[in-house]
There are 2 protein chains.
Amino acid sequence: MHPQIKEPTTRNAKNTFKAIEDAAYEVFYKNGYHGTTIADITNRAGVAAGTFYLYFPSKLVLYQHILMSLSHDIRKEIAAKVSRKETRYEKEREGIKTFINYALERPEMYNIIWESLYIDRELFRDYYADFAKRYKRGLEEAAAKGEIRSLDSEVVSYVLMGITNFIGLKVVMDLGEGNENVDAIVNVVMEILDKGLFKKHRDSSGK
Amino acid sequence: MHPQIKEPTTRNAKNTFKAIEDAAYEVFYKNGYHGTTIADITNRAGVAAGTFYLYFPSKLVLYQHILMSLSHDIRKEIAAKVSRKETRYEKEREGIKTFINYALERPEMYNIIWESLYIDRELFRDYYADFAKRYKRGLEEAAAKGEIRSLDSEVVSYVLMGITNFIGLKVVMDLGEGNENVDAIVNVVMEILDKGLFKKHRDSSGK
DNA sequence: TGCTAACATGAATATATATTCAGTTTGTGA
DNA sequence: TCACAAACTGAATATATATTCATGTTAGCA
């Protein structure tokens with residue numbers, strides 16, 4: 001928990017705190033950080049403007065609080081699903097699928113994480129650096145077992161994050177246009193990861 | 001040119017206009033859209049605040065103007081380089097390499113394009129939709145020639161954009177930490193695209 | 001040299017909104 | 001039932017900054 005946040009102690013105060021958090025999720029998503037005012041948040045939460053400052057010292061700290069809770073949540077969800085699979089191949093498929101479904105069901109979270117690049121660059125950087133680190137670990141284990149080819153695992157992790165994030169972006173942007181067949185999309189991605197994009201060209205030593 | 005922008009006519013006015021544009025590039029990059037004020041721009045350009053409004057009706061229109069010019073520029077650069085290559089394989093390698101080098105040399109452009117998701121969602125969406133459309137065309141030609149495998153070209157184009165953008169992101173975030181060996185990074189990416197990530201697992205019909 | 005239109009100025013205006021604070025209500029333990 | 005702290009209120013404050021406008025300056029031409 002952010003050190004500057006004052007935790008509520010009584011039952012009523014806990015409800016108030018939660019109402020502010022919930023309102024913030026909704027409004028930050030809908031209108032972005034700069035597009036939402038403290039008044040938007042407190043109105044939606046049904047409390048007075050001053051009440052906000054009983055718990056949070058500033059709008060920025062609230063944003064950071066929400067961002068951290070989001071990123072924790074999305075990582076937990078992916079880790080839980082992935083750990084149930086045996087092979088790296090199956091883990092990868094599951095991770096991509098989970099991420100896309102997450103983006104589809106709660107586009108707000110996804111959106112808020114990207115916006116952080118322009119609100120709190122450190123937090124954004126840390127989020128992806130940490131994500132990459134976990135990814136690397138998994139990839140290196142898989143390489144040690146001979147499940148995947150030996151390639152720079154840092155670069156590979158950004159390749160995989162890039163694919164997942166952009167496919168998620170596409171799905172979110174297309175929301176409501178009926179392109180939500182996640183399995184079909186994941187199949188295409190796995191085809192590429194499994195066999196490559198290119199048909200064999202010239203000699204296999206390449207150019 | 002944006003219809004609300006008033007073009008300068010005289011030699012001096014052209015210089016003033018250019019100075020405002022140049023200042024805006026720098027400052028938008030450095031501090032983001034919300035972090036820069038009209039005063040920041042006009043101070044850096046060496047003109048009075050009011051002068052800004054001789055040419056641009058608002059800060060938003062200036063931002064849109066700059067974003068469009070950036071996205072035009074980056075696409076032009078990639079298209080020019082790619083068109084010199086023969087095979088899809090070589091074109092892909094060149095496109096990725098050009099994009100990363102672009103991000104490395106002018107991180108501001110790259111940065112501004114992503115921020116647009118939170119400033120002008122339509123413009124952002126259009127930018128990527130258009131990028132994807134061009135990509136699709138190239139991929140479909142390559143598929144017709146048998147250079148690449150037949151897969152949903154829309155999904156493939158987002159996979160490739162995702163890879164490129166995230167590798168670009170990594171390179172920009174790491175700037176100054178000596179990880180700027182673009183060729184080595186591109187090689188890893190091409191390895192994956194060429195031969196896949198996974199070693200052959202079980203039977204090739206897959207799961 | 002004087003005229004005119006384009007160009008430029010920067011102080012003043014208008015507005016938005018994050019944050020404060022003096023006062024009020026509420027719940028709880030004695 | 002009282003006392004007190006915690007919780008809450010919302011009008012007032014403070015600040016930032018996009019935009020306007022009355023006024024001045026310049027360049028080129030008759």
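Residue numbering restarts at 1 for every chain, and letters A, B, ... go by the order of the sequence lines.
Remark: C1' of D/dA5 and CG of A/Asn12 are 14 Å apart, rounded to the nearest angstrom. Residue A/Arg11 contributes atom CZ, which lies 20 Å from atom C1' of D/dA5 at whole-angstrom precision. Note: NZ (A/Lys6) to C1' (D/dC8) measures 12 Å, nearest angstrom. The nearest whole Å value for the distance from the CG atom in A/Leu54 to the P atom in D/dC8 is 7 Å.
Remark: A/Lys59 NZ is packed, more than 12 non-hydrogen atoms of other residues, nucleotides or ligands lying under 6.0 Å away. Counted within 6.0 Å of CD on B/Glu86, heavy atoms from surrounding residues, nucleotides or ligands total 12 or fewer; the atom is thus considered open.
The phosphate of D/dC8 has OP1 or OP2 within less than 4.0 Å of a side-chain N or O from A/Thr16. For D/dA7, the OP1/OP2 oxygens have a side-chain nitrogen or oxygen of A/Thr9 closer than 4.0 Å. Considering only side-chain N and O atoms, A/Thr51 lies under 4.0 angstrom from the phosphate OP1 or OP2 of D/dT9.
Nucleotides of DNA chain C with any atom under 4.0 Å from a heavy atom of chain B span, from 5' to 3', C/dA6 to C/dG10.
Side-chain atoms of A/Tyr118 and B/Asn31 form no donor-acceptor pair, as typed in the model, at a separation below 3.5 Å. Counted by atom type alone, B/Thr42 and B/Tyr53 present zero donor-acceptor pairs between their side chains at under 3.5 Å.
Residue-to-nucleotide proximity on DNA chain D shows that, of B/Ile38 and A/Pro8, the 5′-proximal contact is made by A/Pro8.
In this pair, A/Trp114 and B/Phe166 present their aromatic rings tilted. The plane angle is within the 30 to 60° band.
Among the protein residues, B/Tyr55 comes within range of the sugar-phosphate backbone only, with heavy atoms under 4.0 Å from sugar or phosphate atoms but none that close to a base. Residue B/Lys14 is out of contact with every strand shown, counting any heavy-atom pair closer than 4.0 Å.
For A/Arg106 and A/Tyr102, the positive end sits near the middle of the six-membered ring, less than 6.0 Å away and at most 45° from its axis.
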